[in-house]
Every structure is written in structure tokens, then in C-alpha cells.
A.B. asks: 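For reference, the structure I am asking about is given below.
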Amino acid sequence: MTVDEAIAIAETLLDGEGLNDVQELIFRQCWEGRHSYEEISQLSQYNDEYIKALAAKLWKQLSEAFDEKVKKNNLRSVFKRYLRRHQVTLHRTQVIGVNLSGANLTGARLSFANLSESDSSADLHGAILADYNTVSDEIIKAEDAHNQGILSSIKSRIYHWNDLRFHCEEQVKIAEALDRTNTLFFPNSKARLTTPAGRQNQEPDFLIFHQGKWGILEISHPDTQKDETRDRLFASHGISIIHYCDANRCCEEPDRIVQEFLDILSQG
């Protein structure tokens with residue numbers, strides 16, 4: 001994880017409240033292992049006592065947001081633990097986070113369900129239980145998908161990779177390539193934004209954060225066209241770097257596609 005990605009996560013957890021210039025300076029220096037407030041003060045126009053006081057306030061805010069003690073010398077480890085906990089929470093929510101007590105599930109399809117301790121009052125007549133050990137390797141119908149970024153109205157197959165769902169094999173290839181670069185990205189995530197017709201949902205293929213900049217990477221199939229209206233909407237909200245890549249290239253050279261896009265973001 002880069003320091004820019006860490007700052008983006010921190011600002012999100014702080015209810016979208018961005019760090020000011022001095023807070024960001026403190027964060028960046030401590031992230032890189034420079035823990036002396038005296039040294040940090042020399043990089044700014046403020047004295048070390050002011051830097052120390054502002055840092056203490058920042059650590060307190062982050063401690064409350066992360067629900068654990070944050071200090072200047074444990075910043076990286078806190079973020080690593082948070083990501084691990086977040087992944088585990090998502091996994092456990094999918095597997096055992098459903099309370100079936102008293103539920104009527106007649107005819108329901110239950111994926112990832114653990115019924116070993118279910119209340120006997122649950123009506124499971126006709127329920128179809130997917131095999132948890134194999135479901136992540138299967139291709140299932142979109143109607144069974146429940147993550148936000150998969151459109152339930154599309155009757156197409158869904159591809160699974162690392163507990164994420166994708167519309168096509170090309171998306172999986174790009175996700176794998178992005179993962180190899182340790183880049184922060186959001187696949188098939190719906191965004192809520194203002195359009196001429198009012199507030200609407202829009203779903204880019206990949207929303208990517210790199211070196212302090214956001215960009216969108218779209219996979220272009222022969223039967224799809226650029227959505228210029230949607231692109232202008234994203235640009236009006238500050239995401240102006242939107243790149244379309246050919247689906248065949250995504251399959252054949254995904255790493256090159258990703259590197260080209262990251263280079264575009266770096267220069268943007």
C-alpha cells in the first residue's frame with residue numbers, strides 16, 4: 001500500500017474530511033518512518049510544538065476511526081490490521097452473518113449458508129444449499145449475486161475471483177493485473193452522482209486510485225460503445241481520466257494494459 005492510498009482510506013474513515021496540508025505532511029513523514037517532530041517541523045513553517053499538538057489530534061481522530069490506538073510509530077501496522085479485519089468481516093458476513101431464526105426460506109437459494117447452529121424454527125423446505133467449498137470457483141447467474149456492483153437485472157454469467165464478482169473474463173484478467181501492482185481499485189462499484197435528470201447510479205468497470213489520482217478503466221467489447229454522457233458526468237465530479245481498452249488486449253496482455261493506464265494516471 002502506498003502512502004497516497006493510505007491517506008485516501010484515512011480520509012474516507014474520517015467521514016470524508018480531508019487532511020489539511022500540515023496533517024498530510026505529518027502523515028506522510030511518519031508513514032515513511034520519519035518519527036521526529038523536530039525534523040518534520042523543519043519541512044514546514046511551524047515549530048515542533050505545534051506539529052506535536054497537531055499530530056496528537058490526528059492520531060486521536062484516527063484511533064477513534066480505526067477503533068485501536070494509532071501512534072506515529074505504528075501507522076503502517078494499523079492500516080495492515082484494518083485491511084485484514086475488513087476482509088475477514090466481509091468473509092464472515094457472507095458465510096455466517098445471516099440470522100435464520102424464525103425465517104421462512106421456502107424455495108430460497110442459500111449460498112454460503114452455515115446452518116449447523118440454525119434455529120429449528122427456520123422453514124428450509126425447498127431450500128437449495130450451494131456447496132461453500134466450490135461456489136467461489138463456479139460461474140453463477142447474476143440473480144444470485146449480492147454485491148453492490150453487479151446489476152441484478154442482467155441475465156448473464158458472473159465470474160468469481162477473490163470474493164469479488166465480474167461480468168466477463170477480461171475483467172478478471174485486469175483485476176489480477178492490478179492486484180500484482182498493489183494498486184487500490186474498486187471493480188464494478190456503483191457510484192451515486194448528480195445527472196441532468198437528478199441523482200442516479202453509474203457503474204464503471206474499474207475505479208482506480210494511483211499516486212493521489214483517481215481514474216476509470218473501461219473494457220471495450222465489440223458490441224459496446226463509449227458512454228460519453230456518463231464520462232462527462234464523472235469528469236464534472238473530478239474524475240477526468242477515463243481510458244477504454246480493447247477486450248482482446250485485456251485478455252492477451254492485461255499487465256501491459258494496466259501499466260499503460262497507471263502511467264496515464266501518473267502523468268495526468
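Keep in mind the model is a prediction, meaning the values are calculated, not measured.
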A.B. asks: Please list all pairs meeting side-chain hydrogen bond (donor to acceptor under 3.5 Å, both in side chains) that have one or both residues in residues 250-268, counting only residues at least two apart or in different chains.
C.D. replies: R180-D255, H210-S266, Q211-S266, R249-E253, R249-E260, R256-E260, Q259-D263
A.B. asks: I need the full list of salt bridge (Lys or Arg N to Asp or Glu O under 4.0 Å) pairs touching residues 46-58, with sequence neighbours left out, sorted by first then second residue.
C.D. replies: none
A.B. asks: Is L207 reachable from L184 through a run of I, L, V, M, F, W or Y residues, each pair having side-chain heavy atoms under 4.5 Å apart?
C.D. replies: yes
A.B. asks: Nearest 0.5 angstrom please: W214 CH2 to I241 CD1, how far?
C.D. replies: 12.5 Å
A.B. asks: If the condition is side chain to side chain contact (heavy atoms under 4.5 Å, CB included), which residues does N73 pass it with, not counting sequence neighbours?
C.D. replies: H35, K71
A.B. asks: Side chain to side chain contact (heavy atoms under 4.5 Å, CB included) with K80: which residues, sequence neighbours excluded?
C.D. replies: R84
A.B. asks: Looking only at atom types and distance, does a side-chain atom of Q23 sit under 3.5 Å from a main-chain N or O of L54, one as donor and one as acceptor?
C.D. replies: no
A.B. asks: Linking I/L/V/M/F/W/Y whenever their side-chain heavy atoms sit closer than 4.5 Å, directly or via other members, would I239 and V258 fall into one cluster?
C.D. replies: no
A.B. asks: Excluding sequence neighbours, so at least two apart, what forms side chain to side chain contact (heavy atoms under 4.5 Å, CB included) with A65?
C.D. replies: L13, L14
A.B. asks: Is it true that, when you exclude E5 itself, more than 12 heavy atoms of the residues, nucleotides or ligands shown sit nearer than 6.0 Å to its CD?
C.D. replies: yes
A.B. asks: The criterion is side-chain hydrogen bond (donor to acceptor under 3.5 Å, both in side chains); which residues satisfy it with Q29, sequence neighbours excluded?
C.D. replies: R34
A.B. asks: State which residues pass side chain to side chain contact (heavy atoms under 4.5 Å, CB included) with H237; sequence neighbours excluded, sorted by chain then number.
C.D. replies: L193, T194
A.B. asks: Any chance you could measure E170, atom CD, to Y159, atom OH, to the nearest 0.5 Å?
C.D. replies: 7.5 Å
A.B. asks: Mind checking side-chain hydrogen bond (donor to acceptor under 3.5 Å, both in side chains) for S236 and listing every partner two or more places apart, or none if nothing turns up?
C.D. replies: none
A.B. asks: What residues form a side-chain hydrogen bond (donor to acceptor under 3.5 Å, both in side chains) with E38, not counting sequence neighbours?
C.D. replies: S36
A.B. asks: How long is the span from the OH atom in Y244 to the CD1 atom in I219, to the nearest 0.5 Å?
C.D. replies: 12.0 Å
A.B. asks: If you look at every heavy atom in L164 and P187, which pair is closest and at what distance?
C.D. replies: CD1-CG, 3.9 Å
A.B. asks: Checking D205 side chain against H167 main chain: does a donor-acceptor pair fall under 3.5 Å?
C.D. replies: no
A.B. asks: Atom NZ in K69, atom CG in N74: separation rounded to 0.5 Å?
C.D. replies: 9.5 Å
A.B. asks: Quick test of your reading: applying ring pair (Phe, Tyr, Trp, His ring centres under 6.0 Å), list the pairs with at least one residue in residues 38-81, sequence neighbours left out, ordered by first then second residue.
C.D. replies: F27-F79, W31-F79, Y46-Y50, F66-F79, F66-Y82
A.B. asks: Any side-chain heavy atom of S41 within less than 4.5 Å of one from N47?
C.D. replies: no
A.B. asks: Transitively linked via ILVMFWY side-chain contacts under 4.5 Å: I242 with F209?
C.D. replies: yes
A.B. asks: Any chain of hydrophobic side-chain contacts (each under 4.5 Å) joining I216 to V172?
C.D. replies: no
A.B. asks: Only counting residues at least two apart or in another chain, list the ones meeting side-chain hydrogen bond (donor to acceptor under 3.5 Å, both in side chains) with E24.
C.D. replies: R28
A.B. asks: Rounded to the nearest 0.5 Å, how far apart are SG of C250 and CD1 of I257?
C.D. replies: 5.0 Å
A.B. asks: Working to the nearest 0.5 angstrom, can you tell me the gap between I264 CD1 and K213 NZ?
C.D. replies: 12.0 Å
A.B. asks: Please find the pair of heavy atoms, one from C168 and one from H221, that lie closest to each other, and give the distance.
C.D. replies: SG-CE1, 3.8 Å
A.B. asks: Are the side chain of S240 and the backbone of A235 linked by a donor-acceptor contact shorter than 3.5 Å?
C.D. replies: no
A.B. asks: Give a yes or no on whether F234 and F185 share a hydrophobic cluster (residues Ile, Leu, Val, Met, Phe, Trp, Tyr; joining criterion: side-chain heavy atoms under 4.5 Å apart).
C.D. replies: no
A.B. asks: Quick test of your reading: applying salt bridge (Lys or Arg N to Asp or Glu O under 4.0 Å), list the pairs with at least one residue in residues 224-234, sequence neighbours left out, ordered by first then second residue.
C.D. replies: E218-R230
